[in-house]
Amino acid sequence: MPDAVPAPDAAVQLLDPSGTRREDARWGALVSGVGAEQLRERYRDMALVRRFDAEATALQRQGELALWASGTGQEAAQVGAARALAPQDHVFPTYREHGIAWVRGVDPLQVLSLYRGASHGGWDPRASGFHPYTLVIGAQLPHATGYAMGVQRDGDVATGDPARDTAVLACFGDGASSQGEVSEALNWAAVFRAPVVFFCQNNGWAISSPTSRQFAAPLARRAEGFGVPGVQVDGNDVLAVEAVVREAADRARSGGGPTLVEALTFRVAAHTTSDDSSRYRPREEDELWATRDPLTRVEAHLRATGGADDAFFDAVRAEGDELGARVRRGVREMADPEPLSMFDHAYAGDHPLVAQERAWLEGWIATEPEEAR
Amino acid sequence: MPDAVPAPDAAVQLLDPSGTRREDARWGALVSGVGAEQLRERYRDMALVRRFDAEATALQRQGELALWASGTGQEAAQVGAARALAPQDHVFPTYREHGIAWVRGVDPLQVLSLYRGASHGGWDPRASGFHPYTLVIGAQLPHATGYAMGVQRDGDVATGDPARDTAVLACFGDGASSQGEVSEALNWAAVFRAPVVFFCQNNGWAISSPTSRQFAAPLARRAEGFGVPGVQVDGNDVLAVEAVVREAADRARSGGGPTLVEALTFRVAAHTTSDDSSRYRPREEDELWATRDPLTRVEAHLRATGGADDAFFDAVRAEGDELGARVRRGVREMADPEPLSMFDHAYAGDHPLVAQERAWLEGWIATEPEEAR
Amino acid sequence: MTTTATRPAPHAEATAPTTLTLAKAITAALHDAMAADEKVLLMGEDIGRLGGVFRVTDGLQAAFGEDRVVDTPLAEASILGTAVGLALRGYRPVCEIQFDGFVYPAFSQIVSQLAKMPARLAGAGTVPVVVRIPYGGGIGAVEHHSESPEAYFAHTAGLRVIAPATPQDAYWMLRQALTQPDPVVVMEPKRRYWDKGAVTAGAASLAEAPALHSARVARPVSAERAAAGGAVTVVAYGPTVRVALDAAQAAAEEGVELEVVDLRSLSPLDTGTVVESAQRTGRVVVVHEAPVFLGMGAEVAARVTEAAFHSLEAPVLRVGGFAVPYPAARVEEHYLPDAERLLDAVDRVLAR
Amino acid sequence: MTTTATRPAPHAEATAPTTLTLAKAITAALHDAMAADEKVLLMGEDIGRLGGVFRVTDGLQAAFGEDRVVDTPLAEASILGTAVGLALRGYRPVCEIQFDGFVYPAFSQIVSQLAKMPARLAGAGTVPVVVRIPYGGGIGAVEHHSESPEAYFAHTAGLRVIAPATPQDAYWMLRQALTQPDPVVVMEPKRRYWDKGAVTAGAASLAEAPALHSARVARPVSAERAAAGGAVTVVAYGPTVRVALDAAQAAAEEGVELEVVDLRSLSPLDTGTVVESAQRTGRVVVVHEAPVFLGMGAEVAARVTEAAFHSLEAPVLRVGGFAVPYPAARVEEHYLPDAERLLDAVDRVLAR
Ligand SMILES: Cc1ncc(C[n+]2csc(CCOP(=O)(O)OP(=O)(O)O)c2C)c(N)n1
Ligand SMILES: Cc1ncc(C[n+]2csc(CCOP(=O)(O)OP(=O)(O)O)c2C)c(N)n1
Ligand SMILES: [Mg+2]
Ligand SMILES: [Mg+2]
């Protein structure tokens, strides 16, 4: 049986865990535009996203959120992928894509409203190109492929206009790869040459199940079996991820069809705040991955190359604290939805039964004794 | 895009369309026990199955069957695969596996009762190891994998006892490969190393859709992407199919896990008697495949090598006529099921509502005016 | 998708009534909707070159090209899933499910995605996907080709579910469905595909069409006749409307008047029309092919009884399929409710 | 599967009543069934090392080994599909679906394979698969974790559907399900997982257990009290049994007696127990969390009305979820029927 979880260094890597930039003619060229300034931006994204994540975890512990699915450890994969996209590109995320949401400009409070139990999402994908979080594992992949088929029909592929040609990023996890819909979506995209980048964050675990329970061969090879190029990338290397996703997105936009990118990364926290990873995950694994942190290596690189100094890192930290405070305040002040809002968007058109039930609840709330509300 | 439908000669082939036996150290050894006598048996199987199929088609035209899904052209794939199995092995078929049913000893009339609309199958898989025809595309593949997991739990793998070690043959079509459940089943079998032979009869078409609409890379490569060995075989070469399936079944039985065998063959008739393939299939394709007939090459080989003479072929033809007559008579005499039988097996245990509805229908039938019945 | 679809000439929709089969009325509706709205596209297995196993999409790929009439891979989950994605991109996909029994692989996409996406988007988008399902029995088919899964969809919040029974309704309702902002499941009574009827087509005719979600009194009973007693309301939809009308004719010969209500829409349900009829006749029988247990009849019975309790002379009776998997075709006539069985329930509700 | 599972020592099943949560009663039932029948095995996501997200299978992998408590790949269709295959090989798989909203990928396997396989086999085999689904709302969860899909299964011929409401019933009914020759869907009221109750376990206790498909009068009203008028039958199951009992207590303080019937089994339905109660009280309210439209309440209302029409003083009323996707948790209390809403319906049925 081939090794399904190779060490990330065997995959495409441009910045090793010590922060040393590796020479790589093919992949390096794709991020030639990422100099010190751009690397600082990516560091800042990752640091803020991590700070946001820590705040969300704290808010959950304080009872302000119903649940939190931490993305800590996956910042490079998410920020790298998001930075490879063009404004007109679209993303179909799982429930853990906080870093991509951040780069696409989705209000963090909107993400938290979902985990607070105050909404099912509700941000506008038409504004951000970032679609709703999907909680049913794998279900968003056919959406991504279908969306990409729409892009093809709109003629927004292979025009050569970089502001027009459009790629779709389809996010999923290692666990999700076992769902039939994921294979189906990959296959459809191959058959129709749809402009999709299948982006798997293989973080080693699906709740308590290690990847050995999900597949017996690397996902990159699975892609090839469907006629789709597959690439394994060090998911904790923001530069490498950006390079690999950029190539894939370029291929999609220019009419070359889908690609699968498998980013090897690690879910540092438990699955969610409801989970306890000590029940199933060996400590050594946490320790090993601590040495592969996605932020540390960028910091080391920036410091070593003079790309950033204490002042920069202090500023980012301060900005993070500000973000944390804003998020904390925002969640604490977040109004509960109006009860009647549950009827608002079930149907866009008229629906007599919904109208009748809405009227009933409206009356009920109005007449209910105060304390029952 | 790789060629998804290669010519069968590029695949494993032991008997070419002209009937010439090809030297092949690896695959030939697996059918070293198939001498003239055995080849005559296989010819006879194929000829009788084809005769049966023609009779069924005629019976459908005469209104005796509701529908018929012809297997003509796929006899070598089916007989070859079935001949590679041991008595204790199990088969999970589609709705077109008449040749395998035949070799496993399922009463042909039972198969026809399904297509007559007189049953949903009803043969005993415990006797034949041949499970019910499955009409929902792909749904039988997880059954096969699950069954194989049961075989593992029974300890009937890798004991070294040829009468005990058990393989499961999971049949599907090229169209079925697009169903998520098919990928799931392949993946599960890989993860659990279950003793399954995934046997795809790629007959070029899924109703009106050519294989180019189902996949962008050969299925054998798809298998490898799941960590499963994949082999393409000339599906119209009964010897090659037997060899390839034998190797795969041996691997399964000895604990080596699953294999995918893609048999390249051709659906000579329309999809079913309800279909009209002239609406979508170029005539040239029919003509090309007529030159690759699975029976012709065995007959040519047997004649050329002195393995059989006119007397043999006449005898088989006579036997076929007899089978045809038996089948025709059997179908014409086939009693309709008792109306109340619809209640018999819905539940194995007691069910008050079913009992009540059964009693109602019993009374209704008894009191209904004669002509309404 | 480099091939440009042949765009049909600007299409003057027909308006004079023509006689069409129910299947061809759907073809016409799809054709006219595609001509009127370039965002409409069709997806399904064998719908292109073959024109679908019932030939409902016959000629449409030739007219509108392969990008708008898409022969898909054999995977229902993805037919629905990609349709959701296409809808999010601004398209109006019409998905054909080949037979009722093959919709279940797509069930998760329908129930958890299509039906819930609008609530998830909370106004920031819609998913106006239409799902066409040829359904019901009586065509002598093999397993999975004769089922009536409408209750699964009608119970699912977020979907609209309709079931036309006549060629005219098939045309109108499908065209109306294709202007809805919400997902619509169309239950097509496959054994009525070959029934013929007058169809007024074209945009102008839509102005005459009743509202999508209204029921229709397919055979009325006069107020006097109802007041005189001995009349019964029969509620049917899809394939059983014909059964109800046949029964009504037979009953009339015996002096019993049946007011036949064709529901047309299963969700939302036009309770008003049924209740109004029930209040006049005092007796109701519902008939459908799906198993009675938790079938549409349960909802009709519960809702009508709640609204018209004091007008009812007898409990609402239900006639339908049994609590067993759809049987082999050779006995399906004993499974399916026919006019005789419906009349038996009419007798019971009249206490005759 | 070369590892041999640690076989637990021959197991003397406990018989003395103990206090258990509903979740732990299920654990005990699974444990005892696995000890009693080596063909029983468990399959699901995260059920092994983790013991399931609700810890229902906690300790069972340690006790019975990885071959009998199988952490599966993340694919519900295959959990059910392989279970069908295992059942055909003579095993008794118990499939855990992690949350209600994740059962739909398996819907085709459940509806077209599990439910229909026995009819297809026509006696030549059975598929005794048990499907456990933690269901219902009220736990403050995110989307898809609070749904009530029981009507889909109850409408499906070929399945048995049960919904225990108490720890004792959870134990008994699961053990009984594990001796059934037919597939059984177990709807587990997840927000009652932590409710405690006395449980008599062990093989001997099963002799005392009521029949699997019988309803239970959870709170009776005396014949005299019922005859005096002003009593109402409340039909509940799963999570709403507690709601009904709370309402009954509140009503009693106002002089209204509620006879609470806990259905326990949704299919087949013990109509007799409900009808008998309805005949005594003349008034019935059904309460469940699923949307009212085509929910279990519709069947109960239709069936009870048919059987007890002339005993009913008022139409059967239904209290349940609305015709919208399950809302965000912060407003779920307004979606879920509570004692107040139930009492409002009680008032209406009493015309108060
Ligand atoms: C269809 C479905 N089944 C089960 C679940 C429960 N569940 C939520 S997350 C998860 C694991 C997902 O693992 P993976 O795809 O690797 O993503 P990760 O959580 O690691 O980001 C499971 C089983 C679900 N959400 N949807
Ligand atoms: C889930 C499902 N969808 C659609 C169908 C209708 N259908 C029956 S056979 C068939 C084509 C199958 O093609 P393939 O798998 O290549 O098998 P073949 O008929 O060529 O033997 C289709 C679409 C079905 N039976 N089940
Ligand atoms: Mg993961
Ligand atoms: Mg085929």
Side-chain angles (χ1 to χ4, degrees), chain A residues 66-67 69 95 113-122 133-139 173-181 206-209 213-215 271 274-276 279-280 334 336-347 351 353-354 356-358 360-361 364-365 368-369 372-373, chain D residues 44-55 58 61 66 70-79 81 98-99 101-106 108-109 139-146 291-294 319-335 338-341 344:
Chain A
L67 184 79
Y95 44 83
S113 83
L114 185 161
Y115 282 102
R116 184 175 168 85
S119 79
H120 292 323
Y133 275 6
T134 296
L135 275 63
V136 177
I137 299 295
D174 44 288
S177 69
S178 294
Q179 286 285 4
E181 291 188 7
I207 308 186
S208 72
S209 295
R213 186 55 22 130
Q214 309 295 346
F215 37 79
H271 172 64
S274 296
D275 182 38
D276 171 9
R279 289 178 74 102
Y280 52 81
M334 196 177 280
D336 277 352
E338 277 300 309
L340 295 176
S341 68
M342 73 174 86
F343 299 102
D344 288 350
H345 304 292
Y347 294 88
H351 195 290
L353 178 59
V354 171
Q356 179 191 323
E357 291 183 344
R358 186 186 201 282
W360 182 87
L361 184 61
W364 176 252
I365 289 173
E368 230 184 342
R373 256 176 272 174
Chain D
E45 296 155 8
D46 307 294
I47 66 168
R49 189 90 74 90
L50 184 63
V53 295
F54 292 106
R55 305 292 182 269
D58 199 18
Q61 190 177 69
E66 294 192 15
V70 186
D71 270 324
T72 66
L74 209 178
E76 287 78 8
S78 286
I79 293 175
Q98 204 162 72
F99 282 90
F102 307 139
V103 69
Y104 306 119
S108 186
Q109 283 290 341
I139 62 162
V142 292
E143 205 185 350
H144 311 290
H145 291 69
S146 303
V292 164
F293 195 86
L294 260 172
V319 180
F322 302 119
V324 302
Y326 197 90
R330 290 257 160 183
V331 290
E332 69 181 336
E333 63 172 311
H334 295 279
Y335 177 91
D338 58 9
E340 289 289 319
R341 250 159 79 178
D344 175 65

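Numbers restart at 1 for each chain; the letters A, B, ... are given by sequence-line order, proteins then strands.
- For R358(A), no part lies near chain D; criterion is any non-hydrogen pair under 4.5 Å.
- Here the OH atom belonging to Y95(A) is positioned 14.0 Å from the CD atom belonging to E143(D), to the nearest 0.5 angstrom.
- Atoms CD and CD1, from Q98(D) and I137(A) in turn, are 9.0 Å apart once rounded to the nearest 0.5 Å.
- Atom-to-atom distance recorded for D276(A):CG and R55(D):CZ is 6.5 Å, nearest 0.5 angstrom.
- In this structure, no portion of F99(D) lies under 4.5 Å from any heavy atom of chain A.
- The shortest heavy-atom contact between P73(D) and S178(A) is CB-OG, 3.7 Å.
- Among the candidates S341(A), G175(A), S177(A), the residue making the largest number of heavy-atom pairs closer than 4.5 Å to chain D is G175(A).
- The CZ atom of F322(D) sits 10.0 Å away from the CG atom of L353(A) when rounded to the nearest 0.5 Å.
- Summarising the geometry of F102(D) relative to L135(A), their closest heavy-atom pair is CE2-O, 3.9 Å, with the distance given to 0.1 Å.
- Contacts between S78(D) and chain A at a heavy-atom distance below 4.5 Å are absent for every atom of the residue.
- Considering only heavy-atom pairs separated by less than 4.5 Å from chain A, the leading option among L74(D), V53(D), V331(D) is L74(D).
- In plain terms, the two heavy atoms of A328(D) and A118(A) that are nearest each other are CB-C, 3.6 Å.
- No donor-acceptor pair under 3.5 Å is formed between the side chain of H120(A) and the backbone N or O of V142(D).
- Atom CH2 of W364(A) is separated from atom CD of E340(D) by 5.5 Å, given to the nearest 0.5 angstrom.
- With a 4.5 angstrom heavy-atom cutoff, E76(D) touches chain A via backbone and side-chain atoms both.
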Check your understanding: Checking side chain to side chain donor-acceptor pair (under 3.5 Å) for the pair S209(A)/D71(D): CA distance, chi angles, key distance, verdict?
Key -> CA-CA 7 Å; S209(A) 295; D71(D) 270 324; 4.9 Å; no

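- Chain D forms more heavy-atom pairs under 4.5 Å with one residue of R213(A), H351(A), H271(A), H345(A) than with any other, namely R213(A).
- At a 4.5 Å heavy-atom cutoff, the contact between E338(A) and chain D is made by backbone atoms alone.
- Heavy atoms closer than 4.5 Å to chain D are found nowhere in A139(A), neither backbone nor side chain.
- Between the D46(D) side chain and the I207(A) main chain, no donor and acceptor come within less than 3.5 Å of each other.
- Between the side chain of E357(A) and the backbone N or O of A323(D) there is at least one donor-acceptor pair closer than 3.5 Å.
- Contacts of Y347(A) with chain D are made by side-chain atoms alone, with heavy-atom separations under 4.5 Å and no backbone atom involved.
- Of the listed residues V354(A), V136(A), L114(A), the one with more heavy-atom pairs under 4.5 angstrom with chain D than any other is V136(A).
- In terms of heavy atoms, R279(A) sits closest to D58(D) at NH2-OD1, 2.7 Å.
- Of all non-hydrogen atoms in W360(A) and R341(D), the two that sit nearest each other are CH2-CG, 3.2 Å.
- Residue contact with chain D, scored on non-hydrogen atoms closer than 4.5 Å, involves the side chain of L361(A) exclusively.
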